[in-house]
Amino acid sequence: EAATQVILDGMQWLGLTADEGPFYQTRRMDRYREVLDQFLADGHAYHCYCTKEELAEMRSRQEAAKQKPRYDGTCRHGRQPRPGVDPVVRFKNPVEGTVVVQDVIHGNVVFENTELDDLIIARSDGTPTYNFCVVVDDWDMKITHVIRGDDHLNNTPRQINMLKALGASVPAYAHVPMILGTDGAKLSKRHGAVSVLQYKEEGYLPEALLNYLVRLGWSHGDQEVFSMEEMQRLFDIKDVNKSASAFNPDKLLWLNQQHIMRATPQRLAQYLKPQLAALGVEAADDAKLAAVAKAQAERAKTLKEMAQNSVFFFKDLDGYDEKAAKKNLTAESAPVLAAVRERLAAMQDWSAAAIHGAINEVATAFDLGLGKVAQPIRVAVSGTSVSPPIDVTLEVLGRNSVLERLGAAIEVARAA
RNA sequence: GCUCCCAUCGUCUAGAGGCCUAGGACACAGCCCUCUCAAGGCUGGUACGAGGGUUCGAAUCCCUCUGGGAGCGCCA
C-alpha cells in the first residue's frame, strides 16, 4: 500500500497524470485464470509436472555444459499427472522460425524461436506470472504503445508469441535506454536510485527533473532548458537514442536553478514555504515569501538551499557569522552604520531604489566605496556576508526589522 | 557460458559520406561585470574504442575485435 502510494505521489508531483486507472493486477486474477484455461483448452499451454529440484538439476547441467539454461520441454507433449506434484502451466512457444520485434527506437530486432523456451505462465499454486499478466493486460486494454526500459527487450519476443497465440494485435514497442549511475554502473537502490519524491524534498522543481530526464537520450538542437509545454510539444519517442546514459547530478542542479529563475515568484513561494517550515520557520506572509523567492531565485540551486539562505528574512538573528562580524562590524564601521540607520529611519518611501540612494549618499559622505558600506549592513541584517543585493534585502526585510537589527549591530561594532 | 542491445569530450549530446582543423551544454580553469553571493558575458583544455574494408572522400556505410549493458526465475 505504502509502496504504491509513493509511486502515485511521485507521478502526481511530476504532473504525469493518467486518463484512467491505476489498475491492479491483483484484482484481475479471474480474468487471467480465464485466459489460462483458454490456452490450456486450445493447446497453447500445458501442465508441467517437473519439480523444482529437477529443474535446478537441469539448470546446473546446462550451465556446466556452457549452455543457456532453459526448459527442455519434458512435459510439453503430454505427461501423466504425478501424485504429490502440483503442476505449473507453461506456454507452448513455437519451436521454429523467428520473432521480429519492431521497435520504434531499435528498429527490427530478430529472435530465433529456438532461443526461447516454454516459460511458466502460472505457478503451481495457480497464480499467473508477470510476463503472462502483462500480455493479457495489453490485449484487454487495447494498448497501442509499450514504452519501457530496454532491459525488457529480451522479454518481448515471448510476449509477442503469446499475443499472437491469443489472436491479439501486436502493439508498437519502444525500448528506451537505461539510466546508469554517476560511474556508469547500473542504478540500484543502494547505488543512487531514489524515489522521485526525494527530489521534491531536496527542493527540486518537477519541471527541472523532467527536463533533465527528457534530455537523457533525446535532444532538440542545442536547447537545454525546456518548459513543460515545450517538452510536450517537442518530444517525440522516435527521436530517442539507443545508448544508455549516466546520471549527472551537477547538471540536474544547474537545470533546477535555470527553472527556478524562470518560475514565477508566486509559484516558488508555494514550494519555499514547506522548505522553510522544515527548518522550523513559519512564513505566513505570502507576499513577502514571493518577494524573498524573487530576490533569491538566481542564487539558489534548490528550494532547500533557498530556504536555508532565507531564514533571516523571517526570523530574528541568533548571532552573527563570526568571521563576517569580525571583519565588518568594527569600530570604523559603527559611525557608518549609524548614519545609514539615521537616514533609513527618516525615509518616506521604503523602496529598493530609495534605499539604494540613501546608502549611496552615506558612502559619498564618508568617502567610501559602496562595498564598504553595503557589507557591514549586510552582516547587520542577515548575520552573514552573503545575501541578495543590499537594497532589495532591506526592502523585503521591512523597515522595522532593518532599524532594529542595525541598532543591535551598531552596539556590537562600537564594542569591537 | 549462450542470446540480444549499445559504443563522439569526464558527463549529457549535435552529427543521417564532403558544410567536421567535430558544434552545444554541465563540470573545471582564467578574465570581464560587480555592494557580497550568484546570475550573465568572453576565453581555454579534453572526444569520433581498435583494426580491417567500401569510396575520389568516412565520426557517418560494412566486417571483426574490444569494451559496456541486459536477459536467460514457480521475481516483477
Side-chain angles (χ1 to χ4, degrees), chain A residues 25 48 50-52 55-56 59 62-71 86-90 101 103 105-107 109-112 114-117 119-131 133-134 149-158 175 177-180 182-186 212-213 215-225 241-255 257-258 260-261 295-301 305 309 324 328 356 359-360 363 368-379 382 384-391 393:
Chain A
Q25 291 181 327
C48 171
C50 295
T51 63
K52 287 186 183 181
L55 294 175
R59 159 181 297 274
Q62 288 165 331
E63 280 174 358
K66 304 200 178 210
Q67 288 172 339
K68 185 181 198 171
R70 51 208 294 279
Y71 181 60
D86 291 325
V88 299
V89 179
R90 287 184 184 273
V101 178
D103 194 279
I105 292 168
H106 291 269
V109 183
V110 183
F111 293 85
E112 295 289 332
T114 49
E115 287 297 327
L116 276 19
D117 65 355
L119 75 154
I120 291 171
I121 57 178
R123 304 178 182 86
S124 45
D125 67 0
T127 57
T129 59
Y130 168 81
N131 272 303
C133 293
V134 294
D150 63 17
D151 49 338
H152 280 280
L153 187 52
N154 285 297
N155 284 331
T156 311
R158 301 166 175 289
H175 287 93
M178 311 249 281
I179 301 171
L180 309 173
T182 322
D183 54 2
K186 190 188 176 185
Y212 176 71
L213 258 15
R215 278 284 286 103
L216 254 29
W218 176 85
S219 62
H220 183 261
D222 287 340
Q223 190 171 346
E224 294 289 350
V225 183
N241 286 182
K242 302 173 188 179
S243 54
S245 42
F247 190 80
N248 183 346
D250 283 334
K251 186 154 185 184
L252 206 210
L253 224 33
W254 175 78
L255 271 172
Q257 177 164 38
Q258 293 298 313
I260 286 175
M261 290 191 289
Q296 297 281 39
E298 65 189 27
R299 63 203 88 235
K301 290 188 183 300
E305 183 191 339
N309 294 332
N328 295 288
H356 191 78
I359 293 173
N360 261 333
L368 291 169
L370 195 51
K372 292 285 182 197
V373 182
Q375 209 50 5
I377 302 173
R378 176 167 285 118
V379 176
S382 76
T384 71
S385 58
V386 176
S387 88
I390 198 64
D391 49 1
T393 301

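Numbers restart at 1 for each chain; the letters A, B, ... are given by sequence-line order, proteins then strands.
Rounded to an integer number of Å, the gap from A:D150 CG to B:rA7 P is 11 Å.
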Derivation of the side chain to side chain donor-acceptor pair (under 3.5 Å) call for A:N131 and A:T129: CA-CA 6 Å; A:N131 272 303; A:T129 59; over 6 Å; no
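In this structure, A:Q62 reaches neither bases nor backbone, as no heavy-atom distance under 4.0 Å exists between it and the strands shown. Across all strands shown, A:Y212 has no heavy atoms under 4.0 Å from either base or sugar-phosphate atoms. Contacts of A:Q258 with the nucleic acid, taken as non-hydrogen atoms under 4.0 Å apart, involve only primed sugar atoms and P, OP1 or OP2. If you check every strand for non-hydrogen atoms under 4.0 Å, A:D250 touches sugar and phosphate atoms only. Using a 4.0 Å heavy-atom cutoff across all strands shown, A:Q67 reaches at least one base atom of the nucleic acid.
Shown here are the side chain to side chain contact (heavy atoms under 4.5 Å, CB included) partners of A:E298, two or more places apart in sequence or in another chain: A:M261. With sequence neighbours excluded, no residue forms a ring-ring contact (aromatic ring centres under 6.0 Å, His included) with A:W254.
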Please report, to 0.1 Å, the donor-acceptor pairs under 3.5 Å made by any side chain of residues 370-378 of chain A, with sequence neighbours excluded.
unit_1	atom_1	unit_2	atom_2	d
A:Q375	OE1	A:R378	NH1	2.7
A:Q375	NE2	A:S385	O	3.0
A:R378	NE	A:S387	OG	2.9
A:R378	NH2	A:P388	O	3.2

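Looking only at atom types and distance, the side chain of A:D150 has no donor-acceptor partner in the side chain of A:H175 under 3.5 Å away.
For the pair A:S243 and A:Y130, nearest-nucleotide mapping onto RNA chain B gives the more 5' position to A:S243. Sequence order on RNA chain B of the closest nucleotides to A:D222 and A:I105 puts A:I105 first from the 5' end.
A:E224 contributes a side-chain N or O that forms a donor-acceptor pair with the base of B:rG24 under 3.5 Å.
Judged by Watson-Crick or G-U wobble contacts below 3.5 Å, the nucleotide B:rA47 has no partner.
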Can you give me the N/O atom pairs linking the protein to nucleotides 30-37 of chain B at distances under 3.5 Å, or say none if there are none?
unit_1	atom_1	unit_2	atom_2	d
B:rC35	O4'	A:G371	N	3.4
B:rC35	O2	A:R378	NH1	3.1
B:rC35	O2	A:R378	NH2	2.8
B:rC35	N3	A:I390	N	3.3
B:rU36	O4'	A:Q375	OE1	3.2
B:rU36	O2'	A:S385	O	2.9
B:rU36	N1	A:R378	NH1	3.3
B:rU36	O2	A:R378	NE	3.4
B:rU36	O2	A:S387	N	2.9
B:rU36	O2	A:S387	O	3.0
B:rU36	N3	A:R378	NH2	3.1
B:rU36	N3	A:S387	O	2.5
B:rU36	O4	A:P389	N	3.1
B:rC37	O2	A:R299	NH1	2.8
B:rC37	N3	A:R299	NH1	2.4

Report, one pair per line, the protein and nucleotides 63-66 of chain B atoms (nitrogen or oxygen only) whose separation is under 3.5 Å.
none

Set out, line by line, the N/O atom pairs under 3.5 Å between protein and nucleotides 71-74 of chain B.
unit_1	atom_1	unit_2	atom_2	d
B:rG71	O4'	A:N154	ND2	3.4
B:rC72	O2'	A:P69	O	2.6
B:rG73	OP1	A:R59	NH1	3.4
B:rG73	OP1	A:R59	NH2	2.3
B:rG73	OP2	A:R59	NH2	2.8
B:rC74	O2	A:S124	N	3.0
B:rC74	O2	A:S124	OG	2.9
B:rC74	N3	A:S124	OG	3.1

